[in-house]
Amino acid sequence: MFVAVGCQQKAAGPAAGAGGMQGLPVQTAAVTLSPVAQSSEYVATIKSRRSATIEPQVQGLLTQIHVKSGDRVKAGDLLMEIDPRLQMATVASARATELQKKAVFDYNAVEVERQRKLFEAGVTSRDAFDQATQAFDNSKADYNSAVELRKAQEEQLAYYNIRAPFDGVVGDVPVHVGDLVSPLSSPASILTTVDENQGLEAYIYIPTERATQVRLGLDVDLTDNNGKLLEKTKIDFLSPEVDSTLQSILVKAPVHSSLEVLRNAQLVKARVIWSTTPMAVVPVLAVTRQGGQSFVFVARAQGGHVFAKQTPVTLGDTVGNNYSIPSGLTPGDKVIVTNTQFLVDGMPVIPLG
């Protein structure tokens, strides 16, 4: 028989509890009440309050493209140019016609005044004066018509310069220099888009089953696909009618995030918060699953000892690193958060700390 002597550390094992009963050392956490949001998650589309699709209003060849996708532009900035030579010739012809009509009008203005004086002096007949008056009126109408035609052609000439309608960001530019563009083409010739990303809204479609709950002012959390919070906002528009195709109600919420965070036409997740209710919460580490049922182990004292009691629970939404528990626990219960993989129902434990 050999006896080991010296300072030797014993192997780790279950600690002895009162009366020699072995217990597994565990950490516990008290069940507390925390405000938990009752919410539903939907897909939302980010849309700009000011978004323009730029299409040609005249036909011609693109001769210049001054912007590229992503450029920031100011209202009135030149985006593209369409070959204006044919329209410039039309304007020149209209100006020449206007000058011709002006010459005839000026002559008839002098002539009608001369005929009036001769008629008043009794030199010419009433018929000659009436003919001069008629010629003057006709030439005046022709001249005015030529002026308006010239103005219209000059205004048409402005359409050959494509300008930004407002401050914004240039979208995709699918056309190239040399392309023939026309307002009559099918499909329509889209030159580019301009979006003002400062006035964004989240478009959310709420199922009609929630019609009695949805209202203005409800909180909305916008998140990305990974659950990262992008912005907190509130519903500020509620459609008075149901979308017949989707059988849902359109609501809108303003978005104030910068262009680097959210963009026009981007899809995000929207969590609509219906109400906030105090509810029991436990750390995520305390929850185990077995056969599709969620459990926690509650440390319960009995006869001077503490035992792990396996308790089925119903899980709600996550709140930070905690689960909300709609039913199964009461505030003050001590749930076990360590060594849960070694626990079985009724096993003695030794709470630490």
Side-chain angles (χ1 to χ4, degrees), residues 31-51 195-259 261-284 286-287 289 291-296 311-331:
V31 176
T32 60
L33 286 178
S34 292
V36 178
Q38 308 301 308
S39 63
S40 301
E41 190 173 85
Y42 306 101
V43 175
T45 303
I46 304 300
K47 293 187 178 182
S48 173
R49 290 191 179 98
R50 300 185 72 183
S51 179
D195 299 312
E196 185 184 58
N197 282 308
Q198 294 180 350
L200 298 177
E201 292 179 314
Y203 280 53
I204 311 166
Y205 286 91
I206 306 295
T208 52
E209 295 79 30
R210 293 281 190 177
T212 58
Q213 295 174 273
V214 65
R215 63 185 186 277
L216 296 177
L218 284 179
D219 290 323
V220 178
D221 290 346
L222 301 179
T223 63
D224 61 16
N225 290 332
N226 297 322
K228 178 184 177 182
L229 180 64
L230 301 176
E231 181 171 335
K232 288 182 173 291
T233 182
K234 293 179 182 290
I235 293 176
D236 69 348
F237 169 81
L238 174 60
S239 176
E241 59 185 12
V242 174
D243 186 295
S244 58
T245 304
L246 301 176
Q247 280 301 297
S248 57
I249 302 169
L250 172 64
V251 301
K252 301 179 185 179
V255 177
H256 305 98
S257 296
S258 65
L259 179 62
V261 178
L262 291 172
R263 296 174 182 268
N264 184 51
Q266 183 176 345
L267 296 179
V268 297
K269 292 181 180 179
R271 189 165 70 99
V272 179
I273 301 172
W274 307 110
S275 61
T276 302
T277 306
M279 193 176 296
V281 295
V282 298
V284 171
V287 178
R289 291 178 176 84
Q293 175 64 54
S294 298
F295 297 90
V296 296
T311 305
V313 294
T314 301
L315 299 183
D317 293 332
T318 56
V319 183
N321 293 322
N322 298 324
Y323 277 122
S324 61
I325 307 296
S327 62
L329 294 175
T330 57

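Just so it is clear, the values below take in all heavy atoms, side chains as well, and ignore hydrogens, waters and symmetry mates. These numbers were taken from a predicted model, which means no experiment stands behind them. If you read the sequence from its start, that first residue is 1, and numbering goes on from there.
With contacts defined as side-chain heavy-atom distances shorter than 4.5 Å, the pair I235/V220 qualifies. Taking 4.5 Å as the limit, every side-chain heavy atom of F295 sits out of range of all side-chain heavy atoms of T311. For the pair V281 and I325, the minimum side-chain heavy-atom distance is 4.5 Å or more. Under the 4.5 Å side-chain criterion, counting only non-hydrogen atoms from C-beta, L218 is in contact with W274. Using a 4.5 Å cut-off on side-chain heavy atoms (C-beta onward), V214 and L238 make contact. Residues L262 and V268 form a side-chain contact, since some pair of their non-hydrogen atoms from C-beta on lies under 4.5 Å apart. Within the 4.5 Å cutoff, side-chain heavy atoms of V287 are placed close to those of V282. Two residues are said to be in side-chain contact when any heavy atoms from C-beta on lie closer than 4.5 Å; V255 and Q266 fail this criterion.
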Could you walk me through whether V43 and Y205 pass the side chain to side chain contact (heavy atoms under 4.5 Å, CB included) test, one step at a time?
CA-CA 8 Å; V43 175; Y205 286 91; over 6 Å; no

Could you walk me through whether K269 and Y42 satisfy the side-chain hydrogen bond (donor to acceptor under 3.5 Å, both in side chains) test, starting with their C-alpha distance in whole Å, then the side-chain angles of each, then the deciding distance to 0.1 Å, before giving a yes or no?
CA-CA 6 Å; K269 292 181 180 179; Y42 306 101; over 6 Å; no

Take D221 and K232, measure what side chain to side chain contact (heavy atoms under 4.5 Å, CB included) needs, and give me the verdict at the end.
CA-CA 5 Å; D221 290 346; K232 288 182 173 291; 3.2 Å; yes

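K234 meets the side chain to side chain contact (heavy atoms under 4.5 Å, CB included) test with D219; sequence neighbours excluded. Here R210 pairs with S40, Q213 under the side chain to side chain donor-acceptor pair (under 3.5 Å) rule; sequence neighbours left out. When the side chain to side chain contact (heavy atoms under 4.5 Å, CB included) test is applied to V242, the partners found at least two apart in sequence or on another chain are T208, Q247, I249.
Taking CZ from R271 and CG from L229, the interatomic distance works out to 8.5 Å, rounded to the nearest 0.5 Å. Separating the OG atom in S324 from the CE atom in M279 is a distance of 5.0 Å, to the nearest 0.5 Å. L329 contributes atom CG, which lies 11.0 Å from atom OG1 of T32 (distance to the nearest 0.5 angstrom). Taking CG of L250 as the reference point, atom OG1 of T45 lies at 10.0 Å (rounded to 0.5 Å). Distance check: K252 NZ to L216 CG gives 12.5 Å after rounding to the nearest 0.5 Å.
The minimum heavy-atom distance linking A44 with A270 is given by the pair CB-CB, 3.8 Å. Heavy-atom minimum distance, A280 versus V31: CB-CG1, 3.6 Å. Scanning both residues, P278 and L33, for their nearest heavy atoms gives C-CD2, 4.4 Å.
Without hydrogens or angle criteria, N264 side chain to S48 main chain gives a donor-acceptor distance under 3.5 Å. A donor-acceptor pair under 3.5 Å links the side-chain atoms of Q293 to the main chain of V313, judged by distance alone. Of the possible donor and acceptor atoms, one in the side chain of E231 sits under 3.5 Å from a partner among the backbone N and O of S257. Checked by atom type and distance alone, the side chain of T276 never pairs as donor or acceptor with a backbone atom of A37 at under 3.5 Å.
A side chain to side chain contact (heavy atoms under 4.5 Å, CB included) with I46 holds for exactly one of V261, L230, L267, L200; it is L200.
Salt bridge annotation for E201-R49: present, with a cationic side-chain nitrogen under 4.0 angstrom from a carboxylate oxygen.
Side chains of D243 and S248: a donor-acceptor N/O pair is absent below 3.5 angstrom, by distance only.
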